[in-house]
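Here the structure comes first, spelled out in structure tokens, and everything after it is commentary.
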Amino acid sequence: TIAYSEEPINIESYAFWGLNGEQVTINRDVTFDTTDYQGQTTISEYLFADSTVETIVLPNSLSAIGAQAFNGCMNLKDIQFVMPTLLSKEEEEAIIDNLELTGIVTLPATENFSKIGDEAFAFVPNINGIVIPENVKEVGQNVFDGWANGQEITIAYQQEGVLPWDEETQTGWHPSW
């Protein structure tokens, strides 16, 4: 658990890569200063890739999910997004224990959350589904690679303001989605 603080914490790519554990909770705002191969600022690529974590609790203030952030998390069953709050250790544990773990990941519907990186949720077989809110303007390649029948992807967006698919950069909403 990364405890609450008014100061954001900087988390680099690969920070929890291959981590063995049941749960990770980050109860404070996070900053990222990594740059992808195209020179764009992105957030922690491979952040939890290939870890055995089952539940992840992240701040709802994130602006994006980096490339392969959860790729290969074979045990991952749920990701929750919560408002970072100053709590005692006991209060924090009680909230975490009482989260409704549905297996449906609902990405933050905040104005600043707008991007899902390439293969971000690829090969994550134990998540039941994901809800992508209309504020998401960019979805990378193969985001849901390896998902099987029964895993649901719900896209809630309005056509106006959504970036169309750009073949050259391979970004935006693909017409087949």
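Of the possible donor and acceptor atoms, none in the side chain of E134 sits under 3.5 Å from a partner among the backbone N and O of A109. The backbone N or O of T55 sits nowhere less than 3.5 Å from a side-chain atom of N75 that would complete a donor-acceptor pair. The backbone N or O of S61 sits less than 3.5 Å from a side-chain atom of N112, completing a donor-acceptor pair. For N142 (side chain) and D118 (main-chain N/O), no donor-acceptor pair under 3.5 Å exists by modelled atom type.
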Side chain to side chain donor-acceptor pair (under 3.5 Å) for T154 and E152? Distances and angles first, verdict last.
CA-CA 6 Å; T154 303; E152 295 183 12; 4.8 Å; no
Test side chain to side chain contact (heavy atoms under 4.5 Å, CB included) on V57 and V24; report intermediate values, then the result.
CA-CA 6 Å; V57 181; V24 172; over 6 Å; no
What do the steps show when you test W17 against L47 for side chain to side chain contact (heavy atoms under 4.5 Å, CB included), and what is the final call?
CA-CA 6 Å; W17 177 77; L47 184 61; over 6 Å; no
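Residues F113 and I65 have side chains in contact (heavy-atom distance under 4.5 Å, counting atoms from C-beta outward). Annotation: side chain of V131 is not in contact with side chain of L107 (no heavy-atom distance under 4.5 Å). At least one side-chain heavy atom of V105 sits less than 4.5 Å from a side-chain heavy atom of F81.
In this structure, CD on E138 lies 7.5 Å from OG on S114, to the nearest 0.5 angstrom. From I56, atom CD1 reaches atom OG of S51 across 5.5 Å, with rounding to the nearest 0.5 Å. Taken from CD1 in I116 to CD1 in I130, the straight-line distance is 5.5 Å, to the nearest 0.5 Å. Note: Y14 OH to D50 CG = 10.0 Å, rounded to the nearest 0.5 Å. Note that CD of Q23 and CG of D78 are 10.0 Å apart. Values are rounded to the nearest 0.5 Å.
Side-chain heavy atoms closer than 4.5 Å link hydrophobic residues (I, L, V, M, F, W, Y) into clusters, and following such links, even through other members, never connects M74 to F70. There is no path of hydrophobic side-chain contacts, each under 4.5 Å, that joins I104 to I79. Hydrophobic clustering of Ile, Leu, Val, Met, Phe, Trp and Tyr side chains at less than 4.5 Å, counting indirect connections, unites I155 with V143. The cluster map of Ile, Leu, Val, Met, Phe, Trp and Tyr, joined by side-chain heavy atoms under 4.5 Å apart, puts L76 and F123 in different clusters.
Considering all non-hydrogen atoms of both residues, Q68 and A49 come closest at O-CB, 3.5 Å. Of all the heavy atoms in N60 and P108, the pair that sits closest is O-CB, 3.7 Å.
Taking the six-membered ring where tryptophan is involved, the planes of F121 and W147 are perpendicular, since the angle between them exceeds 60° and thus also 30°.
Checking N71 against E119 by side-chain atom types alone, a donor-acceptor pair falls below 3.5 Å.
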